[in-house]
Amino acid sequence: MVFVSILSLFALGLVASIILAVASHVFYVKEDPRVEAVMEALPGANCGGCGFAGCEGYANAVVNDPAIPANKCCAGGADVSIAVGELTGKTVAEAEPLYALRRCAKRDGNVALRYNYQGMPSCAAAALLRGGTEVCAHSCLGFGDCVQVCPFGAMEIHDGMVHVNRNKCTGCGTCVSACPRGILELTPQRARVAVYCNTRDKLRAVSDVCGVGCIKCTKCVKTCPAKAISLKDNRITIDPGLCLSFGPSCEEACAKGCPRGILRYANVRPTAPADATVTTAEQQPQTQA
Amino acid sequence: MDIFGIFVSAIFVNNIVLAQYLGNCPYLGCSKEKGVALGMGGAVIFVTLLATLFTWLMQKFVLDPYGLGYLQTIIFIVVIAALVQFVEMFLKKAVPPLYAALGIFLPLITTNCAVMGVAILVQREGYDLLEGLVWGLAYGLGFTLALLLMAGIRERLDTCRLPKVMAGTPIALIMAGLMSLAFMGFKGMG
């Protein structure tokens with residue numbers, strides 16, 4: 001009895017393994033070895049910054065589709081782009097390095113608290129409760145939902161606000177979707193000016209709650225010689241392409257003319273210390289205030 | 001029992017998930033989105049049909065004649081696992097679009113208890129091959145139905161404001177229990 005069962009299972013296993021072994025030869029599908037090579041060149045953080053489902057999705061797409069450029073990996077930067085370009089035989093235009101810009105300067109504007117929040121330390125939860133913890137409905141809540149999702153440890157909470165380390169930020173955009181208020185915005189590292197306010201309100205509605213918030217006077221829209229600034233979705237939006245291609249000859253008229261001082265210089269990227277947490281452009285008005 | 005009776009009974013009265021409590025792992029794991037639920041359901045229908053066919057033949061021509069009925073469970077496991085592996089390779093080569101749609105689900109149900117349960121229940125009920133295949137197909141459809149209903153509810157739940165302790169798996173388990181209770185209403189019809 002024991003031998004019969006052992007033998008019959010052995011026979012079954014043998015037959016099944018032979019069939020599978022034969023089948024794996026007969027039905028062998030040649031997979032492109034370049035996909036694996038590209039996978040190895042990519043950082044493997046699966047951040048999704050390229051717009052594909054993880055590094056494997058991008059590796060498959062970049063190898064098989066000639067229309068997909070080799071510089072989509074923002075986390076890897078130029079080195080990875082060049083490696084992927086070599087593996088796939090594509091020419092590489094260097095990816096514009098981006099970083100997540102925090103469009104809020106609530107400490108400069110002394111935004112008051114609406115109530116004393118003692119719930120879950122999460123922006124998503126606080127944003128649901130009567131329009132958030134602060135009187136401004138568009139401010140940085142500072143519970144760090146973005147810090148938690150950042151795959152590169154480039155974000156920190158200081159003084160109730162998130163601070164982005166531009167040297168560590170790769171511009172993958174994971175934090176952008178984590179922020180319940182859409183405060184973070186991907187901006188080119190080279191961008192010369194930026195609006196440090198996210199509010200969609202206007203005039204008194206803004207000036208009543210925040211000392212520096214954008215009141216939509218649209219002075220910057222009118223002064224910009226490159227026509228790079230516009231009012232979209234009730235927010236001042238700067239087209240970085242138009243702004244950068246016009247060049248510095250406008251001497252940042254928009255930032256100089258901003259009556260609220262919220263459209264500021266953003267192009268002083270610290271180069272030496274790798275762990276500097278805040279850009280100088282943001283620090284200056286903070287020390288004054 | 002006529003074929004139609006088997007069909008209805010297997011989908012509603014004896015629904016594999018909600019009345020037999022088999023295949024709960026994919027039921028909870030793959031029911032977060034309707035698209036995923038459909039893919040998983042398709043893969044289960046496909047595999048239950050094939051598994052029913054092969055295990056029925058195995059039972060009829062190997063186990064019964066040689067008196068190996070007591071090895072049924074373990075032999076069915078080996079047969080189904082090998083079969084799914086084989087089908088996966090075959091699909092990858094022969095029908096790449098189908099592989100792209102079902103491929104990631106096939107390894108998940110290699111040794112799934114829903115597939116295994118159908119194969120064994122067919123033998124227990126003593127169905128012939130045609131009845132067994134209809135039963136296997138209907139069980140797969142019932143599984144897809146349960147998965148799709150659950151996915152629909154969970155997609156709605158995503159937009160609801162739930163207490164933190166209930167969000168995710170806890171509320172899914174409660175929903176599964178309520179749906180199971182609802183399907184108990186079919187009891188006695190088969």
Side-chain angles (χ1 to χ4, degrees), chain A residues 1-33 35-36 46 52-57 59-61 63-65 117-132 143 145 148 177-178 180, chain B residues 32-33 35-36 39 50-51 54-55 57-59 61-100 103-104 106-107 110-111 119 158-168:
Chain A
M1 183 92 162
V2 178
F3 284 112
V4 174
S5 41
I6 291 174
L7 276 179
S8 50
L9 267 179
F10 178 75
L12 180 67
L14 194 69
V15 172
S17 56
I18 288 172
I19 291 176
L20 286 182
V22 173
S24 72
H25 275 280
V26 175
F27 298 122
Y28 179 70
V29 179
K30 215 174 156 189
E31 277 184 352
D32 201 328
V35 174
E36 208 168 303
N46 288 322
F52 295 90
C55 293
E56 193 178 355
N60 264 318
V63 169
N64 295 322
D65 188 347
Y117 179 73
Q118 295 193 329
M120 245 201 332
S122 140
C123 303
L128 288 172
L129 200 62
R130 300 203 61 207
F143 293 104
D145 285 16
Q148 285 182 7
S177 45
Chain B
K32 291 200 181 81
E33 286 167 38
V36 177
L50 278 174
F54 277 87
T55 52
L57 294 175
M58 195 79 190
Q59 179 83 25
F61 295 108
V62 180
L63 298 187
D64 286 347
Y66 298 101
L68 293 170
Y70 59 94
L71 287 174
Q72 191 192 47
T73 312
I74 193 163
I75 281 182
F76 278 13
I77 290 174
V78 176
V79 170
I80 294 173
L83 177 72
V84 175
Q85 288 290 312
F86 181 83
V87 167
E88 199 186 342
M89 287 183 218
F90 176 76
L91 285 185
K92 203 170 181 179
K93 178 81 175 181
V95 205
L98 193 62
Y99 177 78
I104 51 165
L106 283 176
T110 306
T111 49
D158 276 349
T159 57
C160 294
R161 284 166 62 181
L162 287 169
K164 176 78 175 168
V165 281
M166 297 300 282

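Chain A is the first sequence line, chain B the second, and so forth, proteins listed ahead of strands; every chain is numbered from 1. Values below: every heavy atom of this structure, side chains too, minus hydrogens, waters and symmetry copies.
- Counting heavy-atom neighbours within 6.0 Å of A:Y117 OH, excluding the residue itself, gives a total above 12.
- Counting heavy-atom neighbours within 6.0 Å of B:I77 CD1, excluding the residue itself, gives a total above 12.
- For chain A, the option among B:L83, B:V62, B:I75, B:L91 with the highest count of heavy-atom pairs below 4.5 Å is B:I75.
- Taking each heavy atom of A:L20 and B:A82 in turn, the nearest pair found is CD2-O, 3.6 Å.
- Residue A:S24 touches chain B through both its backbone and its side chain, counting heavy-atom pairs closer than 4.5 Å.
- In this structure, the portion of A:L9 lying under 4.5 Å from any heavy atom of chain B is its side chain and not its backbone.
- Here the options are B:I74, B:L71, B:L63, the test is side chain to side chain contact (heavy atoms under 4.5 Å, CB included), and the partner is A:S8; only B:L71 passes.
- Atom CD1 of A:I19 sits about 11.0 Å away from atom CE of B:M89, to the nearest 0.5 Å.
- Enclosure of atom CZ in A:F27 by more than 12 non-hydrogen atoms of other residues, nucleotides or ligands within 6.0 angstrom is indicated.
- Only the side chain of B:Y70 comes within contact range of chain A, with heavy atoms under 4.5 Å apart.
- In this structure, the portion of A:V26 lying under 4.5 Å from any heavy atom of chain B is its backbone and not its side chain.
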